[in-house]
Amino acid sequence: MDYETLMQILGSTVRLGTPLLLACLAGLFSERAGIFDIGLEGKMLAAAMAAGTVAAMSGSAWVGLLAGIGASLIFAMLHGVASITFRGNQLISGVALNFLSSGITVLVAQALFGQGGRTPPLDGAARFNPITLPFADSLKDVPLIGPLYYQVISGHSILVYAAVAFVPLTWWILFRTRFGLRLRAVGENPAAVDTAGVSVKGLRFAAVAITGVLCGVAGAYMATALQAGFGREMTAGRGYIALAALIFAKWRPWQALGATMLFGFFQALALRPDVVERIAQVKVPVSALDALPYILTVLVLAGFVGKAIPPRAGGEPYVKER
Amino acid sequence: MEATANGGRQATAALSPYAIELKGISKAFGPVQANRDINIAVPRGTIHGIIGENGAGKSTLMSILYGFYRADAGEIFINGKLTPIPDSQSAIRAGIGMVFQHFKLVQNFTVLENVILGAEDGPMLNTSLAKARKVLADLSREYEMDVDPDALIEDLSVGHQQRVEILKALYRQADILILDEPTGVLTPDEADHLFRILNGLKEQGKTIILITHKLREIMEATDNVSVMRRGTMVDTVKTAESSPESLAELMVGRKVLLEVEKAKATPGAVVLAVENLRVKDEHGVERLKGVSLEIRAGEILGIAGVAGNGQSELLEALGGIARATGRITLNGVDLPLVGLAANGLTRREAGIAHVPEDRQHLGLIMDFSAWENVAFGYHNDPKYQKNALFMDNDALRADTEAKMARYDVRPPIPTLAAKNFSGGNQQKIVVAREVEQNPDLLLIGQPTRGVDIGAIEFIHKQIVALRDAGKAILLVSVELDEIMSLSDRIAVMFDGQIMGTADPETTDERALGLLMAGVGGKA
Amino acid sequence: EPAIIFDLGGKFDKSFNEAAFNGAEKWAKETGGTYKELEMQSEAQREQALRSLAEEGANPIIMTGFAFGDVLNTVAPDFPDTKFGIIDMVVEQPNVKSVVFTEDQGSYLVGMMAGLASKTNTVGFIGGMDIPLIRRFGCGYAQGVKAVKPDATVILNMTGTTPAAWNDPVKGAELAKAQKSQGADVIYAAAGGTGVGVLQTAADEGILSIGVDSNQNYLHPGKVLTSMLKRVDNAVYEAFKEGEDLKPGINVMDLKAGGVDYAMDDNNKDLVTPEMKAAVDAAAEKIKSGELVVHDYMSDNTCPAGSF
Amino acid sequence: MNKLPQWADVVLVPLISLLLAALVAAIVLLAIGQSPTAALAIMVKGAFGSANGWGYTLYYTTSFIFTGLSVIVAFHAGLFNIGGEGQAQLGGLGVALVCLALPWPHWTVALLAATLGAAAFGAAWAAIPAYLQAKRGSHIVITTIMFNYIASALIVYMLVDVLRPAGQMDPASARFPAGAKLPALSDMPFISEFFAKMNADGTPKLTKAGVQMYSNVPANVTLFIALAACFVVWLLLWRTRLGYQIRAFGKSEAASKYAGINPVKITMIVMLISGGLAGMMAINNVMGSAERLLQNSAEGAGFIGIAVALMGRNHPLGVLLAALLFGFLYQGGAALGLNTTIPIEMRVVVQGLVILFTGALDQMVRMLLVWLFSFGRKAAV
Ligand SMILES: Nc1ncnc2c1ncn2[C@@H]1O[C@H](COP(=O)(O)OP(=O)(O)OP(=O)(O)O)[C@@H](O)[C@H]1O
Ligand SMILES: Nc1ncnc2c1ncn2[C@@H]1O[C@H](COP(=O)(O)OP(=O)(O)OP(=O)(O)O)[C@@H](O)[C@H]1O
Ligand SMILES: [Mg+2]
Ligand SMILES: [Mg+2]
């Protein structure tokens with residue numbers, strides 16, 4: 001693979017890895033607080049629909065972003081009510097909300113626009129357009145660094161840069177703040193938090209809400225930056241890949257960046273079977289590339305690539321009285 | 001803020017001689033009335049003991065005081081002032097600290113992080129941590145409780161974990177400290193250290209509530225003692241004016257027969273021989289460090305020891321639950337210790353019955369009906385099979401009815417789910433299942449935990465009868481009285497090893513206590 | 001009452017299915033009639049959709065896309081009194097009309113235009129699902145490019161191997177970016193809904209694109225060079241008009257019959273110079289007269305002008 | 001917390017959950033400007049209003065029985081198998097390989113072989129997550145989700161690169177030989193009368209040759225296999241030693257260890273049965289209806305199995321009823337898509353709501369009932 005192609009693929013990696021990263025960080029907050037969330041997919045989808053719809057109607061990507069966050073928050077709170085307030089099964093709640101989202105997004109978009117569950121194409125200010133960083137154009141032809149800066153680092157929408165900035169922010173919140181300490185504690189031993197005089201439900205709801213916000217950004221990115229509008233099932237399993245990345249990253253923020261970019265790289269490669277074929281010298285079925293992130297995750301789960309120990313109280317509703 | 005809170009407390013201090021008064025506290029968990037109209041007053045600056053049988057409602061009462069549970073009815077007065085305690089935050093604010101029976105620590109946090117959790121000084125951690133480090137150093141020095149502030153909880157011994165819990169309470173400037181069965185997990189030495197600490201705290205004017213089952217500790221450490229029975233408060237007396245006998249009587253509601261009536265044992269051939277048995281837990285830590293013992297036919301071997309010194313692992317290894325190395329022979333035949341062949345089923349087939357320590361967790365499927373539980377572990381037994389494919393549920397139900405009648409299980413309804421029987425009756429179901437199997441060797445752990453006196457006598461009789469029928473019995477219990485009165489021979493375990501053996505006729509609790517603490521005996 | 005079934009891309013794919021939808025709408029508007037419609041959600045539904053419509057008495061039933069071929073073969077005999085029409089596929093049943101287009105010819109024309117408009121001497125093609133039918137588009141296009149610029153590079157990419165390839169704008173966008181980085185400055189998208197992403201990206205990146213099936217020039221005015229028209233709308237319109245008397249048999253819609261063409265309108269008039277137009281029109285005449293024969297990929301599964 | 005009487009827990013809780021789901025669905029319909037009652041009427045008519053509708057309703061029911069049973073068998077062992085979809089797809093591959101292998105002499109032989117193939121492939125696909133759960137503690141929910149995706153990639157590969165006949169454009173296998181054609185309900189003696197085509201005047205419709213015509217419905221003999229499977233699963237769980245061990249293991253892993261129940265063995269066996277049942281669904285859709293292997297042949301039935309199992313309270317009889325309910329929802333939903341502007345996705349919404357209310361908010365429903373019951377009690381006092 002020549003350098004230029006590599007840079008091009010890395011550029012794609014960043015674009016495709018961003019929704020995974022946002023969703024992965026979203027999941028990180030929830031799961032660190034002891035609430036398993038396989039509903040990342042549904043939240044992203046709902047956010048994508050809301051963002052696409054509102055951006056189309058208002059003409060502003062920012063308003064769309066807010067709407068996306070709002071929609072995702074509603075789903076997050078439903079998950080919270082089911083799994084925190086009513087101590088329901090978190091996995092089942094997640095599965096249910098994914099279905100609900102998958103159906104209701106199409107219903108709403110169809111009712112509003114009548115375009116087969118799609119929102120109208122967005123352009124101009126209704127989209128988050130690529131930003132060219134300073135000197136990108138002038139440095140473009142500098143060997144090595146030029147293409148890297150121009151193709152991989154510059155030229156993404158603001159949400160991409162925001163997503164990357166969320167990584168250190170997440171780390172800082174988790175490991176350097178009071179909130180982070182309590183959040184991690186509630187995922188490990190809620191009784192310790194409870195007896196320390198802190199509300200378990202409050203913490204968990206806060207975590208779930210953050211998950212909602214981040215999934216909202218992820219979904220809005222899908223509809224208003226990566227693509228120009230919402231289409232049915234447009235998240236296409238990214239929520240599950242993000243979940244896989246979360247496990248791969250062992251619930252840690254920096255590792256989450258690495259894992260999501262790795263999976264983004266696989267997705268970028270899957271777009272370029274020609275390149276893969278040139279490198280591998282054999283015809284690699286595209287489906288093999290598509291399946292790679294999932295296979296990798298299974299290997300991680302199996303402990304072949306290091307053991308992933310989830311937060312100890314994860315998935316269990318906190319019950320004081322039987 | 002803390003300063004004013006303290007000031008407030010001091011101001012009211014003059015008004016009431018009582019640090020705590022509970023009036024009319026009631027609490028039900030579903031059908032179980034754990035506390036019923038409880039009244040208690042604890043004078044400031046004293047150590048107040050609370051005793052009662054398992055399930056009497058002690059922990060529940062204290063959890064209510066600490067805001068962990070909410071009472072269904074009743075009032076709490078702190079220093080004479082009506083103080084509603086809807087949550088632990090309120091309790092902490094009222095100056096109450098609690099060390100739970102089951103510690104509430106985050107295992108993969110450091111000591112320091114556990115100490116500040118919920119009592120941070122601001123939204124940023126580093127300031128809180130720096131301050132806590134200093135305060136902790138002072139506290140450790142003052143009370144001789146050295147712990148490494150940067151150690152992870154999961155790397156600490158239970159004794160140290162308990163210190164962290166006490167430090168947590170002190171860090172929150174608790175004036176009232178509740179300890180729920182703090183010595184159950186400690187060696188006598190560690191327990192002595194704890195009592196020195198508690199006395200130091202008392203001298204500083206703090207009030208301490210101590211829940212324990214050990215009458216000796218009550219007599220030695222407390223000023224007053226309250227006795228609970230079946231969810232009610234029976235009485236509160238001055239320790240100096242009471243005796244262990246009178247307390248025991250209050251606890252169970254009638255005179256207690258501490259002796260079991262049994263004839264002298266006539267041991268026969270060796271039934272069980274264990275050589276150099278070793279067991280590692282899932283973290284790779286050796287919990288059983290080379291145990292060797294023998295039990296003969298017609299003999300009860302009692303294993304004494306502080307909980308957590310390898311007794312559970314010994315039972316599990318013998319019962320086929322835990323993997324082990326070494327050698328176990330039953331009636332001269334080697335039993336498999338590892339691999340698929342080592343399991344509860346093959347052990348039962350070999351003639352070992354097992355009443356586990358924790359009946360709800362291991363011995364029963366709580367959602368299964370009684371008759372399904374009677375087949376538990378014996379589901380392959382030919383007498384419960386209709387043919388090669390199907391189980392004979394009718395035979396099983398009939399068998400259950402018979403067992404229930406013989407063991408006076410109440411209510412005698414085979415289709416009732418196990419969870420709907422009281423603790424004592426659950427235990428009777430397990431004992432009936434295992435004893436009626438007429439095994440060569442009976443492993444029995446904590447046979448009377450949470451069981452009322454009547455049932456205790458019945459279960460003890462069954463054990464002795466089995467012995468008299470020429471079977472071997474391995475008894476594990478944390479109740480020294482039970483060990484002393486049932487066993488024909490006593491082995492004491494400490495730190496995964498047998499420290500020594502004793503004859504119940506000639507030994508006393510003091511000698512056993514030394515062995516249990518790892519002092520003397522074989523090293 | 002006639003009925004139409006749209007394939008997986010959905011009737012608003014701005015391309016193939018939308019062309020069919022427009023044809024149906026045109027018929028409805030002109031005659032004031034009503035029609036039933038269905039959109040496919042999954043492969044496995046095709047048979048139920050066909051049968052349901054036939055059971056309900058719809059006649060004729062038109063379906064867009066080769067993927068219906070197999071089920072139509074089994075369903076058509078069960079409803080001898082119902083007429084069926086299928087686009088892009090030949091189904092030999094007494095009550096089925098098959099409509100196929102000579103996409104190679106139309107693609108040849110837009111390929112010429114791409115060759116003439118390219119400044120980098122490199123042009124791209126992004127197909128949807130990798131099947132002979134789409135290779136036919138790509139091959140015709142490559143021949144057209146080479147006809148005007150024999151030394152030009154034609155990059156041929158496919159989106160995928162399953163019907164999902166018809167509706168994957170993200171992948172379309174990434175492929176377009178990749179082709180641009182390889183130097184392409186005109187990209188022809190023959191990929192249904194995926195093409196929307198291709199055209200969007202081309203517009204974002206400041207290069208030209210070529211639409212397909214419907215006239216897609218309006219999507220990004222001044223940035224879409226032209227569109228290869230495949231008059232699916234006419235085919236549907238005609239079929240609806242014939243109604244229950246739909247004539248069974250094979251109907252080849254070629255350049256001569258107006259089945260394929262390229263699009264000129266206000267949106268692209270500044271992009272296409274009169275010389276370009278003249279050259280393309282001349283070639284079109286030659287094709288119609290048979291003087292110029294465009295190689296059809298599907299005739300022998302090879303392409304003289306490029307490799308996939 | 002007060003306890004509910006058993007009958008309320010078994011009957012009332014799912015019913016109320018269902019009602020709540022229906023209520024929310026109605027609100028959704030109102031919100032998008034549609035009439036819930038009209039929609040319901042169309043669904044009922046579409047699913048039960050004609051022989052053809054019944055043909056599809058029962059066809060879906062058959063599939064859902066298999067996937068629902070698959071979920072409950074695993075549930076009883078405390079395992080949440082979300083991999084039914086992938087296992088059903090693999091089952092389809094098994095069916096296709098078997099059916100295409102030989103020119104089968106008679107459908108009964110083909111059915112037997114294909115059933116084995118379907119079960120074996122479905123079981124094999126469940127075996128890997130099962131092994132990883134049992135031996136390495138990998139969470140089965142996540143691994144089975146991953147295996148769903150891997151399955152669909154594998155099927156695409158098989159269809160595109162291996163099974164697709166030369167010259168065919170769509171990714172699908174060749175048609176199965178005639179000998180592998182299962183009789184549809186409309187081909188069976190007695191039952192077929194129900195599916196006879198009628199003229200508008202009520203007389204039977206005849207072909208030109210004067211032969212009576214029948215609707216060709218997808219519901220087929222597999223329905224009877226599904227019914228038998230319900231009974232067999234019931235026997236297995238509540239009458240056999242293995243079932244006893246499965247349920248004990250599911251209730252308490254620690255206790256079953258005490259009883260000598262091998263967790264690895266039970267996990268493996270249960271997941272093999274569960275995967276096998278999910279795989280067997282393929283004889284209904286792939287062999288019985290499509291008669292060739294298509295992409296995404298399971299059409300989400302694997303996921304519906306979760307809803308069916310929750311709705312059916314983990315009991316085979318409940319599964320049967322819930323599968324019929326979902327069969328109605330699915331065929332009714334298709335009718336909605338055909339006759340109204342309500343998108344077919346409505347049925348996914350309902351599916352999500354049913355899972356939400358019966359599976360995750362059951363506690364809420366129970367609390368609601370306890371509250372209602374407390375009124376009755378007070379009134380009685
Ligand atoms: N969280 C709970 N949910 C339901 N029932 C409970 C709960 N906690 C305690 N109980 C029940 O309440 C009763 C009193 O229990 P509690 O733990 O207060 O007893 P205790 O006196 O502390 O006993 P022990 O000496 O065994 O610690 C018991 O019957 C117990 O089963
Ligand atoms: N989870 C439960 N569900 C229903 N009934 C229960 C439950 N737990 C206990 N009970 C019932 O409540 C009553 C009291 O139970 P509890 O365990 O407190 O008995 P107990 O007084 O400690 O008796 P024992 O001395 O035999 O242990 C019993 O009759 C039992 O049947
Ligand atoms: Mg207690
Ligand atoms: Mg009890």
Side-chain angles (χ1 to χ4, degrees), chain A residues 36 38 42 78-79 81-83 85-108 110-112 114 116-117 232 237 240-241 243-244 247 283 285-291 293-295 297-298 300-304 307-308 310 315 317 321-322, chain D residues 1 24 28-29 31-34 80 82 128-129 131-132 135-139 141-143 145-158 160-161 300 303 306-307 310 341-367:
Chain A
F36 280 168
I38 51 178
L78 277 176
H79 187 54
V81 168
S83 56
T85 311
F86 292 112
R87 303 186 210 131
N89 185 319
Q90 297 167 13
L91 298 169
I92 293 180
S93 166
V95 170
L97 291 173
N98 281 344
F99 282 123
L100 195 57
S101 173
S102 156
I104 218 156
T105 47
V106 177
L107 248 58
V108 173
Q110 173 67 15
L112 288 176
R232 71 174 73 189
Y240 293 113
I241 301 192
L243 204 64
I247 297 165
K283 185 168 159 27
V286 183
S287 23
L289 295 174
D290 287 336
Y294 306 111
I295 294 173
T297 305
V298 171
V300 172
L301 285 166
F304 294 123
K307 189 106 186 107
E321 307 180 15
R322 276 165 281 142
Chain D
M1 202 181 314
V24 176
V28 168
L29 280 177
I32 60 169
Q34 304 277 357
F80 189 10
I82 308 198
I128 307 167
Y131 179 84
L132 293 177
K135 279 287 194 189
R136 313 200 63 109
S138 327
H139 204 306
V141 168
I142 309 283
T143 42
I145 291 177
M146 297 300 133
F147 266 72
N148 284 339
Y149 283 99
I150 299 172
S152 72
L154 177 66
I155 295 290
V156 166
Y157 168 74
M158 290 302 291
V160 170
D161 292 330
F303 294 115
I306 300 167
L310 290 170
T341 53
I342 301 172
I344 200 161
E345 274 78 5
M346 187 62 212
R347 63 192 191 187
V348 184
V349 172
V350 175
Q351 178 189 339
L353 289 171
V354 169
I355 299 181
L356 187 67
F357 281 107
T358 53
L361 289 173
D362 52 337
Q363 202 61 26
M364 181 186 82
V365 175
R366 225 165 265 136
M367 280 157 77

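Just so it is clear: chains get the letters A, B, ... in the order the sequence lines come, proteins before strands, and each one is counted from 1. Everything numeric in this text was worked out from a predicted model, so none of it was measured.
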(message) Working note: Q110(A) + E345(D), criterion side-chain contact (heavy atoms from CB on, under 4.5 Å); need CA distance, chi angles, decisive distance, verdict.
(response) CA-CA 10 Å; Q110(A) 173 67 15; E345(D) 274 78 5; over 6 Å; no
(message) Between N98(A) and Y240(A), is the side-chain contact (heavy atoms from CB on, under 4.5 Å) condition met? List the steps.
(response) CA-CA 11 Å; N98(A) 281 344; Y240(A) 293 113; 2.9 Å; yes
(request) Let me see the working for F36(A) and V141(D) under side-chain contact (heavy atoms from CB on, under 4.5 Å), right down to the final yes or no. (result) CA-CA 11 Å; F36(A) 280 168; V141(D) 168; over 6 Å; no
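Classified by interplanar angle (parallel below 30°, tilted 30° to 60°, perpendicular above 60°), the ring pair Y149(D)/Y294(A) is parallel.
S101(A) places no side-chain N or O within 3.5 Å of a backbone atom of L97(A) that could act as its donor or acceptor partner. Side-chain N or O atoms of H79(A) include none that pairs as donor or acceptor with a backbone N or O of I38(A) at under 3.5 Å. A donor-acceptor pair under 3.5 Å links the side-chain atoms of Q90(A) to the main chain of G315(A), judged by distance alone.
Using a 4.5 Å cut-off between heavy atoms, L356(D) contacts chain A through both its backbone and its side chain. With a 4.5 Å cut-off on non-hydrogen atoms, L132(D) touches chain A through its side chain but not through its backbone. Looking at Y157(D), the atoms closer than 4.5 Å to chain A (heavy atoms on both sides) sit in the backbone and in the side chain alike. In this structure, chain A has a heavy atom under 4.5 Å from the side chain of I306(D), while its backbone stays farther away. In this structure, chain A has a heavy atom under 4.5 Å from the side chain of F147(D), while its backbone stays farther away. Using a 4.5 Å cut-off between heavy atoms, I82(D) contacts chain A through its side chain alone, with no backbone atom that close. Looking at L243(A), the atoms closer than 4.5 Å to chain D (heavy atoms on both sides) all sit in the side chain, from C-beta outward. For I32(D), the parts lying under 4.5 angstrom from a heavy atom of chain A are both the backbone and the side chain. Using a 4.5 Å cut-off between heavy atoms, I128(D) makes no contact with chain A at all. Heavy-atom distances place no part of L112(A) under 4.5 Å from chain D, backbone and side chain included.
Taking A82(A), A291(A), G88(A), S287(A) one by one and counting their heavy-atom pairs under 4.5 Å with chain D, the maximum is reached by S287(A). Your options are S93(A), G42(A), A288(A), S83(A), and the one with the most heavy-atom pairs under 4.5 Å with chain D is S93(A). Ranked by heavy-atom pairs under 4.5 Å with chain A, the first of I142(D), D161(D), V156(D) is I142(D).
Counting non-hydrogen atoms of neighbouring residues, nucleotides and ligands closer than 6.0 angstrom, the CZ atom of F80(D) exceeds 12 such neighbours.
Counting heavy atoms from C-beta on, the side chains of T143(D) and R136(D) never come closer than 4.5 Å.
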